[in-house]
Amino acid sequence: MSSVDTNQPEGTPTWMALTAPDLPRATAFYRAVFGWTTRDDLFLLGDRVAAGFAEGAPAWTTYLATADCDATAKRVRAAGGQVVEGPAEFGDRARIALAVDPVGARFGLWQGRELPGCQVVNEPGSLVRNDLTTARPEHARAFYPQVFGFTLDRNADLPELDFTFLRRPDGHEVGGIMGVPGPADSRWATTFEVADTDETIARALAAGGKSTEPEDFVYGRIATITDPSGVDFGVITRP
């Protein structure tokens with residue numbers, strides 16, 4: 001597994017939190033799909049923390065790493081975003097805030113203390129990717145570099161799509177911004193890696209979820225699954 005034991009660099013998607021109105025149903029679903037177990041309000045893959053959960057409106061929320069939650073929250077406001085909760089201490093785990101960017105996409109800030117964020121990533125059953133989808137990509141492309149120091153570049157593998165990579169100052173890719181036509185909601189989409197996309201879909205359907213048909217993409221075999229609360233997330237089996 002790709003283990004994470006220290007805080008990630010600024011702007012890296014580092015924590016995932018599921019909110020659902022029916023937690024017993026939601027946690028049962030994700031246990032069936034990914035083989036996760038639960039401890040308190042945490043999802044575990046093996047003995048490593050894969051994500052968190054809490055009661056609330058259905059959503060997966062992406063948290064981006066920061067070394068200083070309060071300073072980053074100020075940059076969010078200065079760049080035209082809103083801070084809707086916090087900054088505040090999340091027990092001993094982290095200092096966090098929830099924000100909304102200028103295109104209406106919700107995201108979190110995570111300054112790790114005892115918990116750096118997801119302790120396992122880029123392995124089957126764990127977080128592998130986060131991308132922002134919006135009908136107003138130019139506004140998002142202006143906002144996130146101001147807040148996190150990201151650089152932008154187009155995806156040469158997909159020239160037909162309005163897709164821009166987000167890269168940290170060290171050049172590492174941490175996600176992307178996808179421009180989509182029409183009045184689509186702006187949101188951070190979450191993708192989990194799986195060992196077999198088709199088998200994962202079968203488990204999701206058996207557990208009460210829904211799924212698109214799997215398809216082979218340039219980066220792997222992908223599908224979008226909807227959990228019983230109506231929350232979408234992606235899965236991919238990479239080559």
Side-chain angles (χ1 to χ4, degrees), residues 1-8 12-65 89-96 98 106-108 110-130 188-212 214 220-238:
M1 293 182 180
S2 297
S3 296
V4 179
D5 296 308
T6 59
N7 291 342
Q8 296 270 33
T12 307
T14 195
W15 181 245
M16 293 302 307
L18 173 73
T19 47
D22 185 342
L23 283 180
R25 187 183 188 194
T27 54
F29 174 81
Y30 286 97
R31 285 197 296 266
V33 172
F34 293 128
W36 290 344
T37 58
T38 57
R39 184 183 70 215
D40 300 325
D41 58 350
L42 302 173
F43 285 117
L44 306 180
L45 181 64
D47 62 352
R48 308 290 285 175
V49 176
F53 60 87
E55 187 175 350
W60 273 107
T61 300
T62 299
Y63 286 74
L64 305 180
E89 296 299 317
F90 183 38
D92 295 328
R93 296 174 181 171
R95 187 164 179 80
I96 66 173
L98 287 172
R106 178 184 172 97
F107 67 98
W110 186 275
Q111 180 184 347
R113 298 203 191 284
E114 289 190 355
L115 185 65
C118 301
Q119 294 179 320
V120 55
V121 296
N122 302 331
E123 295 289 345
S126 69
L127 176 67
V128 71
R129 187 163 189 88
N130 301 89
W188 277 93
T190 300
T191 301
F192 296 98
E193 185 165 347
V194 295
D196 188 307
T197 296
D198 298 76
E199 290 182 1
T200 302
I201 290 171
R203 292 195 297 271
L205 296 177
K210 300 177 182 177
S211 178
T212 61
R221 189 160 175 79
I222 63 173
T224 299
I225 292 174
T226 305
D227 74 14
S229 297
V231 179
D232 293 339
F233 59 92
V235 294
I236 185 170
T237 301
R238 295 188 290 175

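Each residue takes its place number in the sequence, starting with 1. The structure displayed is predicted, hence computed values, not measured ones.
- Partners of F192 under the ring-ring contact (aromatic ring centres under 6.0 Å, His included) rule, at least two apart in sequence or in another chain, are F34, W36, W60, F233.
- N7 and G112 make their closest contact through ND2-O, 3.0 Å (heavy atoms, listed as atom of the first residue, atom of the second, distance).
- C118 and A50 get closest at one heavy-atom pair: SG-O, 3.3 Å.
- Residues R39 and D47 are not paired through a salt bridge, judged by the lack of any N-O separation under 4.0 Å between the basic side chain and the carboxylate.
- Within the 3.5 Å criterion, the main-chain N or O of P116 finds a donor-acceptor partner in the side chain of T14.
- With D92 contributing its side chain and E114 its backbone, the two residues share no donor-acceptor pair below 3.5 Å.
- Proximity of E55 to T19: side-chain heavy atoms (C-beta onward) are nowhere separated by under 4.5 Å.
- The OG1 atom of T191 sits 7.0 Å away from the CD1 atom of I236 when rounded to the nearest 0.5 Å.
- Of all heavy-atom pairs spanning A223 and I201, the tightest one is CB-CD1, 3.6 Å.
- Between W110 and F90, the ring planes are perpendicular. Angles over 60° get that label, and only those under 30° would be called parallel.
- Side chain of D40 to backbone of L42: no donor-acceptor contact under 3.5 angstrom is found.
- Heavy atoms only, all atoms of each residue included: S211 and L205 are closest at N-CD2, 4.0 Å.
- The CD atom of E193 lies 10.0 Å from the CG atom of L127; values are rounded to the nearest 0.5 Å.
- Look at R95 and E89 and you find a salt bridge, because one of the NZ, NE, NH1 or NH2 atoms lies within 4.0 Å of a carboxylate O, short of that distance.
- Panel note: side chain T237, backbone V194; a donor-acceptor pair is recorded below 3.5 Å.
- Checking side-chain atoms of T226 against main-chain N and O of K210 turns up no donor-acceptor pair under 3.5 Å.
- Residues P21 and S229 come closest through the heavy atom pair CD-OG, 3.7 Å.
- In terms of heavy atoms, P24 sits closest to T27 at O-OG1, 3.2 Å.
- Residues R238 and N122 have side chains in contact (heavy-atom distance under 4.5 Å, counting atoms from C-beta outward).
- Between F53 and T38 there is a side-chain heavy-atom pair separated by less than 4.5 Å.
- In this structure a side-chain-to-backbone donor-acceptor pair under 3.5 Å is present from T197 to R221.
- By the 4.5 Å heavy-atom criterion applied to side chains, P13 and L64 are counted as neighbours.
- For the pair I225/D232, no side-chain contact is recorded, criterion being any heavy-atom separation below 4.5 Å from C-beta on.
- Contact check for R113 versus I96: no side-chain heavy atoms found under the 4.5 Å cut-off.
- Between L18 and D227, some side-chain heavy-atom pair lies under the 4.5 Å cut-off.
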**Message:** Using side-chain contact (heavy atoms from CB on, under 4.5 Å), reason through M16 and T61 one step at a time and then give a plain yes or no.
**Reply:** CA-CA 6 Å; M16 293 302 307; T61 300; over 6 Å; no

